[in-house]
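Reading through the structure tokens given below for one structure.
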Amino acid sequence: MISKIVSLISPPQFPIYTGDIQQHKQVSQKLGIELPYDYFKLIDNYGSGVFCDCIRVYTPYTENKDTNLFNAIRLERTLYNNCKSFFYSDKDNDHPKIKEYFKKQIQLSGASGVGYPFDFYPQKNGIVPWGTWDSTYMFYWNTSVKPWSIVVYGDDELYFEYNTCISDFLFKLFTGEIVIEGNYLQQKSFYPCP
């Protein structure tokens with residue numbers, strides 16, 4: 001699958017913050033879960049940087065706190081769990097008119113659901129962050145299904161789930177096969193940065 005992305009967007013000649021097979025194994029051991037092979041192939045080919053001026057894939061090898069995988073897991077765990085706690089403690093969300101509103105929003109947007117039904121890593125089968133789209137959309141692996149799916153949250157309570165791997169998801173996002181809430185990518189590029 002990575003070859004489809006490479007044919008669409010040329011990787012840098014000298015990617016930065018990549019790892020080797022041993023380092024990839026160490027990352028998975030440190031996390032206690034085996035991250036997908038195509039994620040590491042993506043990092044091997046592109047390193048740290050920005051796709052299409054807005055898509056970042058976290059890498060475990062950079063010290064940049066904004067793009068480091070381990071830092072993203074720590075920060076997003078707190079954010080996600082706070083949102084989940086607030087959402088389910090808000091009694092208004094049980095009101096029939098609010099439920100109807102959410103139902104219409106799901107239909108209009110094509111979302112998979114609303115709320116925060118997922119646990120977050122390190123909970124067993126929790127979601128794990130792997131990237132972001134201009135900090136508006138957060139990308140996660142849903143580890144509760146086999147093979148892992150992709151879950152996307154925007155700046156509201158709606159989420160989108162795609163039964164595909166990271167490289168296929170990105171390729172479809174880059175080519176417009178996947179459009180999230182009317183947002184699609186026009187520029188096909190990669191810019192290396194920490």
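At least one side-chain heavy atom of I98 sits under 4.5 Å from a side-chain heavy atom of F102. L173 places none of its side-chain heavy atoms less than 4.5 Å from the side chain of V179. The closest side-chain heavy-atom distance from F160 to I180 is below 4.5 Å. When side chains are defined from C-beta on, F70 counts as touching P60, because their heavy atoms get closer than 4.5 Å. Side-chain contact between L75 and K65: absent, with no pair of heavy atoms (C-beta onward) separated by less than 4.5 Å. Contact annotation: the side chain of F40 approaches that of V27 to within less than 4.5 Å [non-hydrogen atoms, C-beta and beyond]. Under the 4.5 Å side-chain criterion, counting only non-hydrogen atoms from C-beta, T132 is not in contact with Y137. L69 has its side chain out of reach of T62: every pair of non-hydrogen atoms, C-beta onward, lies at least 4.5 Å apart.
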Show me the donor-acceptor pairs within less than 3.5 Å that the side chains of residues 3-10 make with the rest of the protein, sequence neighbours left out.
from: S7; atom 1: OG; to: S3; atom 2: O; distance (Å): 3.4
from: S7; atom 1: OG; to: K4; atom 2: O; distance (Å): 2.8

Pairs under 3.5 angstrom only: tabulate donor-acceptor contacts from the side chains of residues 114-128 to other protein residues two or more places apart or in another chain.
from: D119; atom 1: OD1; to: K84; atom 2: NZ; distance (Å): 3.3
from: Y121; atom 1: OH; to: L31; atom 2: O; distance (Å): 2.5

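D134 places no side-chain N or O within 3.5 Å of a backbone atom of T136 that could act as its donor or acceptor partner. Panel note: side chain S48, backbone C193; a donor-acceptor pair is recorded below 3.5 Å. A donor-acceptor pair under 3.5 Å is absent between the side-chain atoms of N142 and the main chain of W148, judged by distance alone. D168 places no side-chain N or O within 3.5 Å of a backbone atom of T164 that could act as its donor or acceptor partner.
Nearest approach of D44 to G19, heavy atoms of both residues: OD1-O, 3.3 Å. Between F51 and L42 the shortest heavy-atom distance is CZ-CD1, 4.2 Å. Between D156 and E181 the shortest heavy-atom distance is OD2-OE2, 3.5 Å. Summarising the geometry of S109 relative to Q105, their closest heavy-atom pair is OG-O, 2.8 Å, with the distance given to 0.1 Å.
The structure places CD1 of I106 at 7.5 Å from OH of Y159, a figure rounded to the nearest 0.5 Å. The structure places CG of L108 at 10.0 Å from CG of L158, a figure rounded to the nearest 0.5 Å. To the nearest 0.5 Å, the span separating CD on E157 from CZ on F87 amounts to 5.5 Å. A distance of 7.5 Å separates CD1 of I150 from SG of C165, quoted to the nearest 0.5 Å. Put simply, SG on C83 and OH on Y88 are 11.5 Å apart, with the number rounded to the nearest 0.5 Å. Atoms CZ and CG, on R56 and D66 in that order, are 7.5 Å from each other to the nearest 0.5 Å.
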Quiz item: Given the rule in the side-chain contact (heavy atoms from CB on, under 4.5 Å) test, do V57 and Y39 qualify, once you have shown the distances and angles that lead to the verdict?
Solution: CA-CA 9 Å; V57 176; Y39 165 72; 3.8 Å; yes

Practice problem: For V152 and M138, run side-chain contact (heavy atoms from CB on, under 4.5 Å): C-alpha distance rounded to whole Å, both residues' side-chain angles, the deciding distance at 0.1 Å, then the answer. | Solution: CA-CA 6 Å; V152 179; M138 307 309 293; over 6 Å; no

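Legend: residues meeting salt bridge (charged side-chain N to carboxylate O under 4.0 Å, His left out) with D38, ordered by chain and number and at least two apart, are absent. Partners of Q23 according to the side chain to side chain contact (heavy atoms under 4.5 Å, CB included) rule, which considers only residues two or more places apart in sequence or in another chain, are D20, Q26, Y61. Partners of T18 by side chain to side chain contact (heavy atoms under 4.5 Å, CB included), not counting sequence neighbours, listed by chain and number: P15. Taking the side chain to side chain contact (heavy atoms under 4.5 Å, CB included) definition, one finds that E100 meets it with K103, K104, sequence neighbours left out.
If you check the side chains of S149 and E161, you find a donor sitting under 3.5 Å from an acceptor. Judged by distance alone, the side chains of Y58 and E76 do bring a donor and an acceptor atom under 3.5 Å apart. Between the side chains of N68 and E63, no donor-acceptor pair is found at a separation under 3.5 Å.
Cluster membership check: Y37 does not share its hydrophobic cluster with F171, using side-chain heavy-atom separations under 4.5 Å among Ile, Leu, Val, Met, Phe, Trp and Tyr. Linking ILVMFWY side-chain heavy atoms closer than 4.5 Å, directly or via other members, places V50 and Y46 in two distinct hydrophobic clusters.
In this structure, K188 places its NZ atom where more than 12 heavy-atom neighbours from other residues, nucleotides or ligands lie under 6.0 Å away. The number of heavy atoms from other shown groups lying within 6.0 Å of CD (E34) does not exceed 12.
Classification of the F139-W133 ring pair by plane angle, with boundaries at 30° and 60°, yields tilted. Using the six-membered ring where Trp is involved, Y153 and Y140 have ring planes that are perpendicular, over 60° apart on the 30 and 60° scheme.
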